[in-house]
Amino acid sequence: FSMIGYLACSAVTSLARPSVCISIIKEEKLSEKVYTALEKDFKEAYNTTAIPPETYMDAITAEWLEAEMCNYTEAYFDYINGAKSTEYKADFTALEESITTFFYDYAESIDYEPDDVFSEKLSETIANAEKNVTQRMDAFYMQTLYENGILTKLQTYLPYVTGLNWGLWGVSIVLIALLVLLERNGGWRRVYWTGCGLFSAGVL
């Protein structure tokens with residue numbers, strides 16, 4: 001039972017590391033799916049914003065999305081493992097420059113002098129674009145889990161699970177040593193009961 005507990009706690013602590021999620025992002029090529037979804041979003045938005053989807057998509061690549069998705073996911077796992085905040089700001093420099101260039105080029109084409117309304121609309125468009133991209137990058141709904149308090153609970157209880165994990169490992173080693181000691185004159189029988197315990201725990 002101590003081995004079963006150790007294996008269960010080990011499974012929990014292993015899930016608290018970002019490696020599994022990052023491998024899924026890369027192996028399943030989630031960045032390409034996100035790229036396709038964003039392209040569809042911006043094409044649909046063109047009907048209301050009149051901003052060509054190329055304005056956004058020329059500043060975004062699947063490779064950039066993959067790197068940012070991994071960094072975004074790691075930020076939330078850092079929080080689970082004790083960081084004070086989940087805050088992560090992707091590098092939207094290229095996207096912001098592309099949108100800004102489009103706005104100024106369009107204003108120039110219609111002889112419109114940029115003013116406060118222009119600046120407000122530009123800022124709003126950039127903010128909406130960044131929000132859309134960020135939401136699409138959240139492949140594992142980390143923001144939703146955080147807002148519902150689930151990640152905070154994981155952060156609170158994970159240290160106890162980690163301590164319990166090491167404690168159960170120590171108990172298992174002690175019990176194995178006792179079994180070997182009790183059967184010290186039993187030949188191969190010394191490893192029989194230990195083997196039964198490990199086998200049963202592994203099967204379960």
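Every value quoted in this text rests on a predicted model; they were computed, and no experiment measured them.
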S.K.: To the nearest 0.5 Å, what is the distance between CZ on R17 and OG1 on T13?
M.R.: 5.5 Å

S.K.: Go through it in stages, so that I can follow the logic: the residues are Y56 and I51, the test is side-chain contact (heavy atoms from CB on, under 4.5 Å), and I'd like the CA-CA distance, side-chain angles, deciding distance and then a yes or no.
M.R.: CA-CA 9 Å; Y56 307 99; I51 300 175; 3.4 Å; yes

S.K.: Assess the residue pair T93 and E97 against the criterion (side-chain contact (heavy atoms from CB on, under 4.5 Å)); give the C-alpha distance rounded to whole Å, side-chain angles, the decisive distance to 0.1 Å, and a yes or no.
M.R.: CA-CA 6 Å; T93 303; E97 290 177 352; 3.6 Å; yes

S.K.: Using a strict cut-off of less than 4.0 Å between a Lys/Arg side-chain nitrogen and an Asp/Glu carboxylate oxygen, indicate whether E130 and K89 qualify as a salt bridge.
M.R.: yes

S.K.: Have a look at V12 and tell me which of L164, V161, T162 forms a side chain to side chain contact (heavy atoms under 4.5 Å, CB included) with it.
M.R.: V161

S.K.: Should we say atom CG of D105 is surrounded by more than 12 heavy atoms from elsewhere, each under 6.0 Å from it?
M.R.: yes

S.K.: Taking V171 as the starting point, is it possible to reach F1 by hopping between hydrophobic residues whose side chains are less than 4.5 Å apart?
M.R.: no

S.K.: Determine the interplanar angle of the Y6 and W169 rings, folded into 0 to 90°, and report it as parallel if under 30°, tilted if 30 to 60°, perpendicular if over 60°.
M.R.: tilted

S.K.: Please examine the side chains of V133 and F42, heavy atoms only from C-beta on, and report whether any two atoms are closer than 4.5 Å.
M.R.: yes

S.K.: Evaluate the side-chain proximity of I126 to T100: yes if any heavy-atom separation is below 4.5 Å, no if none is.
M.R.: yes

S.K.: For E108, I'd like to know if atom CD has over 12 heavy atoms of other residues, nucleotides or ligands within 6.0 Å.
M.R.: no

S.K.: Return the CD1 to OG1 distance between I80 and T156, rounded to the nearest 0.5 Å.
M.R.: 11.5 Å

S.K.: So how far is it from I22 CD1 to F140 CZ, rounded to the nearest 0.5 Å?
M.R.: 9.0 Å

S.K.: I want to check something: taking the side chain as every heavy atom from C-beta on, are V203 and S200 in contact at a cut-off of under 4.5 Å?
M.R.: no

S.K.: Counting distance only, does the side-chain N/O of S98 pair as donor-acceptor with the main-chain N or O of A94 below 3.5 Å?
M.R.: no

S.K.: Would a 4.5 Å heavy-atom cut-off, applied to side chains only, mark F77 and C21 as touching?
M.R.: yes

S.K.: Does N148 use its side chain to pair, donor to acceptor, with the backbone of I150 at less than 3.5 Å?
M.R.: no

S.K.: Please give me the minimum heavy-atom distance between C9 and N165, naming the atom from each residue.
M.R.: CB-OD1, 3.5 Å

S.K.: Taking all atoms of both residues into account, what is the closest heavy-atom pair of S2 and S172, and its distance?
M.R.: OG-OG, 3.0 Å

S.K.: What is the distance from atom CD of Q155 to atom CG of D78, rounded to the nearest 0.5 Å?
M.R.: 10.5 Å

S.K.: Are side-chain heavy atoms of Y35 and K40 found at a separation under 4.5 Å?
M.R.: no

S.K.: May I ask you to test the T125-T49 pair for a side-chain heavy-atom distance under 4.5 Å?
M.R.: no

S.K.: Is it true that L168 and L7 fall in one hydrophobic cluster, defined by side-chain heavy atoms closer than 4.5 Å?
M.R.: yes

S.K.: Transitively linked via ILVMFWY side-chain contacts under 4.5 Å: F103 with Y112?
M.R.: yes

S.K.: Just checking, any donor-acceptor pair under 3.5 angstrom between side chains of T134 and Y72?
M.R.: no

S.K.: Looking at every heavy atom in both A129 and L95, which two are closest together, and how far apart are they?
M.R.: CB-CD2, 4.2 Å

S.K.: May I ask you to decide if V20's main-chain N or O and S23's side chain share a donor-acceptor pair within less than 3.5 Å?
M.R.: yes

S.K.: Return yes if some donor-acceptor pair links the side-chain N/O of S14 with the main-chain N/O of A11 below 3.5 Å, else return no.
M.R.: yes

S.K.: In Å, rounded to the nearest 0.5 Å, how long is the span from CZ of R136 to CE of M69?
M.R.: 11.0 Å

S.K.: Keeping T48 on the side-chain end and A45 on the backbone end, is there a donor-acceptor pair under 3.5 Å?
M.R.: yes

S.K.: So T152 and Y79, do their side chains get closer than 4.5 Å, heavy atoms only?
M.R.: yes

S.K.: Using modelled atom types only, decide if a donor and an acceptor are shared between the side chain of N132 and the backbone of L38 within a distance under 3.5 Å.
M.R.: no

S.K.: Ring-plane angle category for F102 and Y106, please: parallel below 30°, perpendicular beyond 60°, tilted otherwise.
M.R.: parallel

S.K.: Among the clusters formed by ILVMFWY side chains lying less than 4.5 Å apart, do L198 and I4 turn up in the same one?
M.R.: no

S.K.: Give a yes or no on whether the backbone of E124 and the side-chain of N128 come within a donor-acceptor separation of less than 3.5 Å.
M.R.: yes

S.K.: Are L175 and V180 connected into the same hydrophobic cluster when the rule is that any two of I, L, V, M, F, W, Y join if their side-chain heavy atoms are below 4.5 Å apart?
M.R.: no

S.K.: For the CZ atom of F92 and the CH2 atom of W64, what is their distance to the nearest 0.5 Å?
M.R.: 4.5 Å

S.K.: Please verify the inter-ring angle class for Y146 with Y76; under 30° counts as parallel, over 60° as perpendicular, anything in between as tilted.
M.R.: perpendicular

S.K.: Any heavy-atom pair between the side chains of Y88 and E68 that's under 4.5 Å?
M.R.: yes

